[in-house]
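The chains referred to below are lettered A, B, ... by the order of the sequence lines, with proteins before strands, and numbering in each begins at 1.
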Number of protein chains: 2
Amino acid sequence: MKTKLPNQKQIEHLKDICNKAGIKLTHQRLAIFRELMISHDHPSAEIIHKRLEKSLPTLAIDTVYRTLSTFNELGIVKKLHLKNERTLFDANPDQHHHFICTRCKAVKDLYWEDFDKSTLPESIHNIGHIQFRHLELHGLCNRCLKESNL
Amino acid sequence: MKTKLPNQKQIEHLKDICNKAGIKLTHQRLAIFRELMISHDHPSAEIIHKRLEKSLPTLAIDTVYRTLSTFNELGIVKKLHLKNERTLFDANPDQHHHFICTRCKAVKDLYWEDFDKSTLPESIHNIGHIQFRHLELHGLCNRCLKESNL
DNA sequence: AATTAAATAGTAATTATTCTTGTTGACTTT
DNA sequence: AAAGTCAACAAGAATAATTACTATTTAATT
Ligand SMILES: [Mn+2]
Ligand SMILES: [Mn+2]
Ligand SMILES: [Zn+2]
Ligand SMILES: [Zn+2]
């Protein structure tokens, strides 16, 4: 559930993970992680790059991609490949899914424990063994609903 | 459920849809639809193009993309935007979801009525109104499971 | 301070997809 | 049947997201 870790805890966790993985927690890596952590809108690599350009004017877009991919492999951020969209990134460590507005493309976190606990259909044995579930709910967000009913 | 329409019915349906939409059912469009209809592996535009090169040597890759997008808009095929993958296409008209093998990347159809009928969490009202659900189950397919247990 | 290896910046390359433009071909009107 | 019309097409160019290359910088270690 929405038991948000305080930010400092997440940073400590990041340090741990980097130490264990034997990689350096550079200035750039820390800045990219912080930026994603405080962004609740699931930004793309390019948007993260833009948001950091004042504090880190020489930061290369390539470094943002590389760093986010590294973090993704370390399990500390998640890449989101959504319908029709470029890759987005997420630092929310809690088990959750996503709502995507078909109109404004906003991406919101969505918690659905009953689904997470539900048992898979029998027929799955004919196919393979599930490692994880990826669920997207698409529709109109409340803001767009309001606008279209004016 | 898996009540597969016979292919000829699907072709008739395609003709209907094209007539109603006021577009021509050209040789290329028919060939692309047939190819997708008999392909049960969720091919990409490029693969469809390759599979048709013997029968239609001058077919342009652009036409494949254009045609599949048109069919997608007409609701007769579905674009699949899956994790880490290029766009795939699907002509299976039945309500279903997908299993994706993390190893060999195979995509299989998956039917899960209980999920389709399940009620969304209350919290959805704080977010918006759902139009459709998109579910992917990721894991190891039976073939890859067998190979890794040798 | 010197050594070393990892990480970065800047730029080039790649790749999937879409766009542009001139041509084709099916259908209609004469 | 010839001419006209227009959607659709083929070919190649363009675009945009992402990744690769390489010389330089940084940070940890001696
Ligand atoms: Mn999220
Ligand atoms: Mn399918
Ligand atoms: Zn919206
Ligand atoms: Zn497999």
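Atom C1' of nucleotide dA14(D) and atom OH of Y65(B) are separated by 15 Å, given to the nearest angstrom. Remark: P of dT17(C) and CZ of R86(A) are 15 Å apart, rounded to the nearest angstrom. Between K79(A) atom NZ and dA17(D) atom P there is a gap of 15 Å when expressed in whole angstrom units. Between the CD atom of Q28(B) and the C1' atom of dT24(C) there is a distance of 10 Å, given to the nearest Å. The nearest whole Å value for the distance from the NE2 atom in H49(B) to the C1' atom in dC9(D) is 12 Å.
Across all strands, S44(A) comes closer than 4.0 Å to no nucleic acid atom at all (heavy-atom distances). Contacts of I61(B) with the nucleic acid, taken as non-hydrogen atoms under 4.0 Å apart, are absent. Nucleic acid contact class of R29(B) (heavy atoms, under 4.0 Å, all strands): sugar-phosphate only.
The aromatic rings of F115(A) and F115(B) lie tilted to each other, with the angle between the two planes from 30° to 60°.
Exactly one of H40(B), H98(B), K79(B) qualifies for a side-chain contact (heavy atoms from CB on, under 4.5 Å) with D90(B). That residue is H98(B).
A donor and an acceptor atom never sit less than 3.5 Å apart when one is taken from the side chain of D62(B) and the other from the base of dC9(D).
Along DNA chain D, the nucleotide closest to T58(B) and the one closest to I23(B) are compared, and the more 5′ of them pairs with I23(B).
For the pair R66(A) and dA7(C), the criterion of a side-chain N or O lying under 4.0 Å from OP1 or OP2 is not met.
For the residue pair N92(A) / H42(A), no side-chain donor-acceptor distance below 3.5 Å is found, with atom types taken as modelled.
Listed nucleotides: dA10(D), dT17(C), dA8(D). Nearest to the side chain of K24(B): dA8(D). For E46(B), taking side-chain heavy atoms from C-beta onward, the closest of the listed nucleotides dA16(C), dT18(D), dA7(D) is dA16(C). With dC9(D), dA10(D), dT8(C) as the choices, the nucleotide that has an atom nearest any side-chain atom of T26(B) turns out to be dC9(D).
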Self-check item: Check against side-chain contact (heavy atoms from CB on, under 4.5 Å), K108(B) and N126(A)
Solution: CA-CA 10 Å; K108(B) 312 249 186 197; N126(A) 305 325; over 6 Å; no
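The side-chain heavy atoms of L135(B) and W112(B), taken from C-beta on, include a pair separated by under 4.5 Å.
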